[in-house]
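Bear in mind the structure is a predicted one, so any value in this text is a computation, not a measurement. To find a chain, count down the sequence lines: A is the first, B the second, and so on, and within it residues start at 1.
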Amino acid sequence: MEHANIVHRCFRCGYCKFPGDYSDLNCPPHTVFGWDTYSCGGRMWLINAWLNQEIEATPHFAEILFSCVACANCQEHCVYPFKEDLLTIFEEAKTELVNAGIVPPPVRDYFKAVHISGNPYKLPQEQRGHWAQGTGLEEYSGQEYLLYAGCVASYDEVGMRMARSVGSLLKEASLSIGYLGNRENCDGNEVKTLGEAGLFSFLAEKNVRAFEELGVKKVITVDPHALNVFRKEYPKLGAEFQAWHFSEILQKAVKEGRIVPRRCELTVTYHDPCYLGRHNRIFGSPRSVLRAIPGLRFVEMRRSKENSLCCGGGGGNFFTDMLGSGPESPARARIREALGTGAQLLVVACPTCAKMLTDALKSEGAEARLEVVDLAEVVRRSF
Amino acid sequence: MDRILDALVQIVGEGGVSNRPEELWYYGRDPGVMDPHEPDYVVTPRTTEQVQEIVRLANREGIPIVPMGNGMALTGLVIPLKGGIVLDMKRMDRILEVNERARYALVEGGTSQGKLKAYLEEHHPTVRHSIPDAPPTTTIAANVAIHGQGRLTQQYGFNSDMVTGLEVVLPTGEVCHIGSCSMGPYWFSKGPTLPDLSGLFLGWLGTTGIITKVGIRLYPRKKMRDVEIFATDRDDLVPEIIHRVTHTEMTEDITVWFQPRPLMFKDNNHVTIYFTADTDEEMEFKKLMVWDALREFMDSKDGGFMSVQPLRETLLEMPQRSIAAFADVPKGGGFEYSGPITLVDEYPAYAEKVKQLASKYNVVYSGTARMISGGHAMMFGISFAFNRADPDMIDRVRRAVHEATEFALERGAIPWKPNVEEQKLAISRMDPNTVKLMQLIKRSLDPNGIMNPGNWEVT
């Protein structure tokens, strides 16, 4: 492990468990399982113990590491100078376990699915572009922008609805934009987070080459997870394209008058996706779009922006489901928090969050009081 | 599955108990320098009834129980010295009542300092509690159980003095209510005018029962806070400076700190004076009173108010994150301290001793004194940071802290949250009849000796 020499510096003080105001625990696996071992400090101490051969790499140790949702709340609130390295340390430890073949079965199955099928759903590549049907979008052929959907927005029903909203809206804004359809490949963000460095390199290099061959210079992502690797990892592999999240493009289009939001006479709150917010510091764009919608009353949840509570789907947990869907799952806690604001709409900007929170809303039996909708849909639809 | 594990699962469910190597390893140590010792089980109860059942099981089976908040005492108080069950209380974290007019809050035994702070700020913004500078994960019950201090200790005494009632599971499994809550619905008094039984549990380090609910006093939250630092390079003047400042009765907290790094702080004592007020005029008046009280030291050029602007944000934080950050000074994730309670007049001797010990053992020091009850006493924190990956440095810190405690007890101090060795030192100095009384209490409450054995062993 490259960062092995700093793992012992964690004091396990626990600032990393909280949001900035300390109102509640903000580390999803810790809130679900309850053991300090599942917190950031717990992981740091256990990794150190493992490196020092004081404990062995058991399946439980692997569960503790792989249940991390990579939400970066710990990085946000750690008091030490190595805070920026925390998720990298966890990733490196997971890589060691992957290399040793010690991974929880759902993680193993995830890797196999992505490796064999190119997506975690084990669905045919030919279905990747089905989400675009009826949007009027054309396949990419040198347009100014490429709209990249990602696996969840390509295959999951809720994610596909979001991709359609985004695609339709950008089309209405007269952007020169195309999508890849069955030429699109997995971006690899979750593969990387789960420690499969080899598979990530394979996926990323494939995408970099494909984008280069197609002459892609500008990419708009539906999925903040894709944005994350496009901005932070792909340039290391030679990628030269620029990447934006669709909320950034919407903000600009609304400001320029190319998109005119419909009226919305509802109270609305917004859930920050971890990979958009904490990871890429994009807090203002979605809020700016929402505030431009006539009639809309915007309310913040107590945990918002850099203090946002993760939906629980990050770090591959959307697929591996290691946190489960019980009452203490972060998605259900987030729904309860949204209900507490009195909002009628919970707006999301990430297909993973959309699916997690839609399911949690059902589990909480609160569908009559709250609706989970994506940012593009709020702009397009009258409420 | 072993029999005890099976019984614990019956009480708290599978998700509430672990005997897996990872939890046993983690809960067998704290961030200080004490040697680890692993428990046999870790349990996270959710209700008082579950705690009762666990205690009854432990009595039947003769298994030790160690109640734990966040385990940040740093002196090994939650290390299960004789194995058994570590009871991680943090899942009992509900805030049950806030009585704004009577100014008290009632919380469960695992409620964190941070959670109560945030809750009060949102729902009861006119009141606050005495939050310590320990991380916000630390629990209110554990803090009072070790006679912790907080931001309001200078004004109102130890945080344990602020307790307004307790619900305790006794070592034999009965639930006992202490104070006004034993007779009615209100949690406004832990003792007076009844016999004050809270003393059977406060300061006993979890050896006489498990606190499952605690009532705690709240105090007015003024609209503004500010801080000033009066610096002097003369250790011998600090007691008089404190005496004059506390005489004004104008301040919230008063701490004095000294440290060698960064160099701008070296050789100075920083008397840090916190103010609260509802208006600018009130703030101005309070500062003026303190300024006048210290004018003589400024005129003689023995001290002066330094610019606080670069430090203001850090100093006004509650809790102060910079205190945890001290652990990384030697880039090693640890610090340990001895925190004797003693007279403010002792400050010069202690300050000298800290520097001597740091030099003798070649370790990084930080000294902090927090005033208690208007200068009635002070907690003198003698802190040494260490590198967790350097066993030799850990050993040097351990010896430095031990010598600091010996020094303090020799001079008539009493130890705060003492580790096992410090407890033995304390007991060896106690009046034999005091020890005998402690024995009587301990034997009566915990006949099977299951509660945090190894600590306060007076038998």
Between the CG atom in A/Asp24 and the CG atom in B/Asp93, the distance rounded to the nearest 0.5 Å is 7.0 Å
Is the backbone of B/Ala324 close enough, under 3.5 Å, to the side chain of A/Tyr80 for a donor and an acceptor to pair up by distance? yes
Output the distance between atom NE2 (A/His77) and atom CZ (B/Arg321), rounded to the nearest 0.5 Å. 7.5 Å
Which portion of B/Ser18 sits near chain A, non-hydrogen atoms under 4.5 angstrom: both
With a 4.5 angstrom heavy-atom cut-off, is it the side chain or the backbone of B/Met318 that approaches chain A, or both, or neither? backbone
Which atom pair, heavy atoms only, marks the closest approach of A/Tyr22 to B/Pro319? CE1-CD, 3.6 Å
Atom CG of A/Leu25 and atom NZ of B/Lys115: how far apart are they, to the nearest 0.5 Å? 7.5 Å
Of all heavy-atom pairs between A/Phe18 and B/Ser112, which one has the smallest distance, and what is that distance? CZ-OG, 3.7 Å
Is A/Phe82 in contact with chain B via its backbone, its side chain, both, or neither, using a 4.5 Å heavy-atom distance? side chain
Thinking salt bridges, do A/Glu63 and B/Arg20 make one under a 4.0 Å N-O criterion? no
Toward chain A, the part of B/Asp88 with a non-hydrogen atom under 4.5 Å: side chain
Could you tell me whether B/Arg312 atom CZ has more than 12 heavy atoms of other residues or ligands within 6.0 Å of it? yes
Taking all atoms of both residues into account, what is the closest heavy-atom pair of A/Trp35 and B/Val42, and its distance? CH2-O, 3.3 Å
Working to the nearest 0.5 angstrom, can you tell me the gap between B/Glu22 CD and A/Thr58 OG1? 3.5 Å
Proximal component of B/Val17, with respect to chain A [non-hydrogen, under 4.5 Å]: backbone
Table please: side-chain donor-acceptor pairs of residues 42-49 of chain A below 3.5 Å, with sequence neighbours left out.
unit_1  : atom_1 : unit_2  : atom_2 : d
A/Arg43 : NE     : A/Ile64 : O      : 3.2
A/Arg43 : NH2    : A/Tyr38 : O      : 2.8
A/Trp45 : NE1    : A/Cys10 : O      : 3.0

To the nearest 0.5 Å, tell me how far B/Ile323 CD1 sits from A/Phe11 CZ. 11.0 Å
Who passes side chain to side chain donor-acceptor pair (under 3.5 Å) against A/His3, sequence neighbours left out? A/Glu92
Structural part of B/Ile131 lying under 4.5 Å from a heavy atom of chain A: neither
Pick whichever of B/Gln113, B/Glu122, B/Lys117, B/Lys90 has the most heavy-atom pairs under 4.5 Å with chain A. B/Glu122
Pick one of side chain, backbone, both or neither for B/Pro330, based on which atoms fall under 4.5 Å of a heavy atom in chain A. neither
Has the side chain of B/Tyr27 got a donor or acceptor atom that lies under 3.5 Å from a matching backbone atom of A/Asp36? yes
Quick check on A/Arg369: does its CZ atom have over 12 non-hydrogen neighbours (other residues, nucleotides or ligands) under 6.0 Å away? no
Taking all non-hydrogen atoms of both residues, which atom of B/Lys331 and which atom of A/Arg9 are closest, and how far apart? O-CG, 3.2 Å
For A/His30 against B/Arg91, the heavy-atom pair lying closest together: O-NH2, 4.2 Å
Please determine, among B/Gly332, B/Ser322, B/Ala134, B/Pro21, the option with the most heavy-atom pairs under 4.5 Å with chain A. B/Gly332
Distance col, row A/Cys13:SG vs B/Asp328:CG, nearest 0.5 angstrom, shows 10.5 Å
Nearest heavy-atom pair of A/Arg12 and B/Arg29: which atoms, and what distance? NH2-O, 2.6 Å
